[in-house]
Amino acid sequence: MKLSKTLSNALVDPRLFRQYAYVDGKWTHGDGGREAAVFDPATGEAIGHIPWLEAHQIREAVDAADAAFVHWRALRADERCERLLAWYDLLQAHREDLATIMTLEQGKPLPDARGEVEYGASFVRWFAEEGKRTFGETIPSHIPNAALGTLKEPVGIAALITPWNFPLAMITRKAAAAMAAGCPVIVKPAGETPFSALALAELAERAGIPAGVFNVVLGEAAEVSKILCAEERIKALSFTGSTRVGRLLLEQCAGTVKRVSLELGGNAPFIVGPDMDPREAAFAAVAAKFQTAGQDCLAANRILVHESIHDAFVEHFVERMAALTVGNGLESEVDLGPLIHRQAVDKAAAIVDDALSQGATLVAGDQGQAPGENFFMPVLLTGVTPQMMVWREENFAPVAGVTAYSDDDQVIEMANDTEYGLAAYVYTHDIRRIWKLLRALEFGMVSVNSVKMTGPPVPFGGVKQSGLGREGGITGIDEYLETKYYCLGGLGSVSGS
Ligand SMILES: NC(=O)c1ccc[n+]([C@@H]2O[C@H](COP(=O)([O-])OP(=O)(O)OC[C@H]3O[C@@H](n4cnc5c(N)ncnc54)[C@H](O)[C@@H]3O)[C@@H](O)[C@H]2O)c1
Ligand SMILES: N[C@@H](CC=O)C(=O)O
């Protein structure tokens with residue numbers, strides 16, 4: 001296996017850069033000799049290689065997790081908490097290296113990568129503590145001479161399949177919850193961004209997480225996922241990614257009736273009320289659209305602006321957009337890095353072409369300025385309509401589409417006109433409008449007058465075809481817990497207490 005000089009040289013601690021899978025506490029190559037290159041999307045250069053495991057090696061990961069489950073679940077919650085907090089401390093201590101790895105494999109600007117490490121680590125700390133609060137309940141008995149109640153027990157091995165846009169936080173939000181609940185995990189990261197996952201494994205090992213509790217398997221996505229979904233010993237599958245793949249995995253899990261949590265695509269409306277200062281709203285919309293170069297499930301995909309302030313909003317949007325710098329995420333002052341690969345650039349171009357062919361106006365976005373093959377300059381389209389791809393699909397690119405609306409009922413209908421239901425933004429200071437929209441919007445998360453909405457205490461997730469279940473918050477750990485009801489009969493006089 002070739003060693004990447006570039007990546008290891010860029011790190012203070014080169015051992016964080018691993019080019020092996022991690023199974024049962026061992027760094028593992030593929031028995032069949034298959035491997036894949038991983039590229040820096042900014043330069044197109046290979047930054048390393050990963051092995052593809054064979055089917056029997058994926059099953060060995062399940063064997064390892066199965067063996068580890070016995071001991072991990074038997075620890076007291078405070079003992080698991082200690083180990084998770086040690087992992088958290090190491091993530092913080094190695095923040096800079098983790099951010100460098102992320103920028104090199106994902107492309108996001110270094111400050112954003114640092115922010116994601118912080119964000120990802122915060123879930124580890126949150127769930128370390130939440131693991132100590134997996135309370136059961138006492139049920140007033142309706143049965144004579146009996147005491148009734150519930151216990152919370154770990155569901156079993158959890159398979160975690162994650163995307164490339166947030167290569168670290170999408171893993172920790174799942175893994176920390178599962179591990180705090182007492183479940184070993186098998187992580188299958190995106191092939192584009194495996195090195196963040198492998199650095200997490202290295203740090204988990206240093207934190208004293210026992211062998212078999214945190215495993216990272218690598219390989220051809222469909223092949224690996226099929227094995228994980230068909231495995232009876234895996235009791236939960238948590239997936240973050242596209243709605244298309246989410247549907248597929250839900251079907252594949254039917255055979256073994258797994259607990260399935262899905263965090264899928266979004267198509268967020270960004271609604272601006274007539275009472276808003278158009279400059280304030282436009283600046284917020286730019287922030288909500290172009291984070292991670294638009295490759296964010298929360299990205300403002302359809303910007304719906306009241307007709308009375310539409311033109312002023314567009315003017316300020318263009319002004320703010322013009323101040324964005326596109327470039328290699330390792331360089332300072334860069335706001336937007338590359339898209340993940342050439343297909344993403346082609347898709348963005350197709351979405352813009354489709355909109356223009358159906359009558360939208362290109363207000364800004366000159367692709368001639370793109371600094372490289374995987375870059376896409378931010379685009380603003382006005383006059384977008386529901387027939388266009390930019391409205392129907394999650395564009396996952398720096399393409400902003402603006403439409404004018406005339407009243408609240410119309411904008412509610414427009415906003416809900418999508419199969420997705422992850423997040424929505426509302427910008428207005430009118431409390432009646434806020435309440436009306438908040439109740440009428442068919443989305444799992446509604447953020448009013450704030451671009452930032454996520455974090456460990458938040459129940460993150462969508463409705464409609466944006467997913468099943470919630471991650472984070474006080475209920476996130478429930479995805480990995482079973483409720484066991486008990487009835488203790490024949491107790492005599494305690495009955496009725
Ligand atoms: N709701 C959320 O919390 C959230 C967060 C981040 C990303 N996302 C969504 O993720 C998508 C972008 O990520 P992506 O392109 O990596 O998604 P994707 O669905 O293509 O891939 C996600 C994961 O599934 C694997 N995969 C791909 N094809 C597969 C197949 N046929 N069978 C089994 N596994 C397969 C990939 O290797 C990766 O690990 C967007 O739709 C975005 O909205 C959602
Ligand atoms: N920004 C999201 C990830 C979506 O792509 C998050 O905070 O979880």
Side-chain angles (χ1 to χ4, degrees), residues 1-11 13-41 45-69 87 90 94 97-98 100-102 104-106 157-164 167-168 170-171 175 184-231 233-234 341:
M1 181 158 306
K2 293 170 212 107
L3 276 177
S4 164
K5 287 250 161 44
T6 339
L7 220 167
S8 34
N9 290 353
L11 303 179
D13 183 345
R15 281 173 55 229
L16 292 181
F17 174 51
R18 295 291 192 162
Q19 300 185 85
Y20 296 94
Y22 183 73
V23 173
D24 199 14
K26 296 178 201 76
W27 296 101
T28 308
H29 61 78
D31 281 352
R34 294 186 292 165
E35 62 171 36
V38 178
F39 299 94
D40 174 351
E45 284 165 19
I47 52 168
H49 292 76
I50 48 163
W52 278 10
L53 301 188
E54 300 301 316
H56 71 270
Q57 295 182 284
I58 306 294
R59 292 199 188 91
E60 281 163 19
V62 184
D63 295 342
D66 202 29
F69 184 40
W87 196 26
L90 287 166
H94 294 278
D97 276 352
L98 293 169
T100 302
I101 292 173
M102 193 186 299
L104 276 163
E105 67 178 0
Q106 202 281 336
I157 304 169
L160 315 178
I161 302 179
T162 55
W164 48 261
L168 189 140
M170 297 302 97
I171 295 176
V185 301
I186 300 175
V187 181
K188 206 298 283 167
E192 293 86 345
T193 57
F195 295 129
S196 294
L198 296 167
L200 280 173
E202 168 68 23
L203 295 176
E205 183 173 300
R206 291 186 200 176
I209 306 283
V213 172
F214 184 89
N215 304 279
V216 180
V217 296
L218 305 167
E220 200 281 315
E223 194 180 304
V224 175
S225 305
K226 228 179 241 167
I227 298 169
L228 295 174
C229 291
E231 248 297 340
R233 291 172 296 171
I234 294 178
H341 37 46

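Positions are given from 1, in the same order as the sequence printed here. In this text the structure is predicted, and so the values were computed from the model without any measurement.
- Put simply, the side chain of R233 reaches to within 4.5 Å of the side chain of D63, judged on heavy atoms.
- Counting only heavy atoms from C-beta outward, the side chains of V213 and V185 never approach each other to under 4.5 Å.
- Atoms CG and CD1, on L53 and I58 in that order, are 4.5 Å from each other to the nearest 0.5 Å.
- Taking every heavy atom of both residues into account, G191 and I50 meet most closely at O-CD1, 4.4 Å.
- In terms of heavy-atom proximity, V224 sits nearest to V217 at CG1-CG2, 3.9 Å.
- Side-chain contact between W87 and L200 is present, with heavy atoms from C-beta onward closer than 4.5 Å.
- Side chains of L203 and H94 form a contact here, defined as non-hydrogen atoms less than 4.5 Å apart.
- At a threshold of 4.5 Å between non-hydrogen side-chain atoms, the residues R59 and I227 count as touching.
- When all heavy atoms of A65 and P184 are compared, the pair lying nearest together is O-CG, 3.3 Å.
- Every pair passing side chain to side chain donor-acceptor pair (under 3.5 Å) that includes a residue from residues 215-226 is listed here, sequence neighbours excluded: R34-E223.
- Checked against side chain to side chain contact (heavy atoms under 4.5 Å, CB included), D24 has the following partners two or more places apart in sequence or in another chain: K26, A64, A211.
- Closest heavy-atom contact between G30 and P51: N-CB, 3.4 Å.
- Distance check: L218 CG to H49 NE2 gives 13.5 Å after rounding to the nearest 0.5 Å.
- Looking only at side-chain heavy atoms (C-beta outward), V38 and F195 come within less than 4.5 Å of each other.
- Within the 3.5 Å criterion, the main-chain N or O of L11 finds no donor-acceptor partner in the side chain of D97.
- A pairwise comparison of heavy atoms in A199 and L98 identifies CB-CD2, 3.6 Å as the closest pair.
- Residue T100 holds its OG1 atom at 12.0 Å from CG of D13, rounded to the nearest 0.5 Å.
- Pairs engaging residues 190-205 under the side chain to side chain donor-acceptor pair (under 3.5 Å) rule: R15-E202, R18-E202, Y22-E205, E105-S196, E202-R206 [sequence neighbours left out].
- Between L228 and the choices L160, I157, I234, the side-chain contact (heavy atoms from CB on, under 4.5 Å) rule is met once, by I234.
- For D31, there are no salt bridge (charged side-chain N to carboxylate O under 4.0 Å, His left out) partners at least two apart in sequence or on another chain.
- Contact check for Y20 versus V216: no side-chain heavy atoms found under the 4.5 Å cut-off.
- Smallest separation of non-hydrogen atoms from V187 and I171: CG1-CD1, 3.9 Å.
- Screening residues 209-219 for salt bridge (Lys or Arg N to Asp or Glu O under 4.0 Å), with sequence neighbours left out, gives no hits.
- Between T162 and K188, the closest side-chain pair of non-hydrogen atoms is not below 4.5 Å.
- In terms of the ring-ring contact (aromatic ring centres under 6.0 Å, His included) criterion, residue partners of W164 (sequence neighbours excluded) are, by chain and number, F396.
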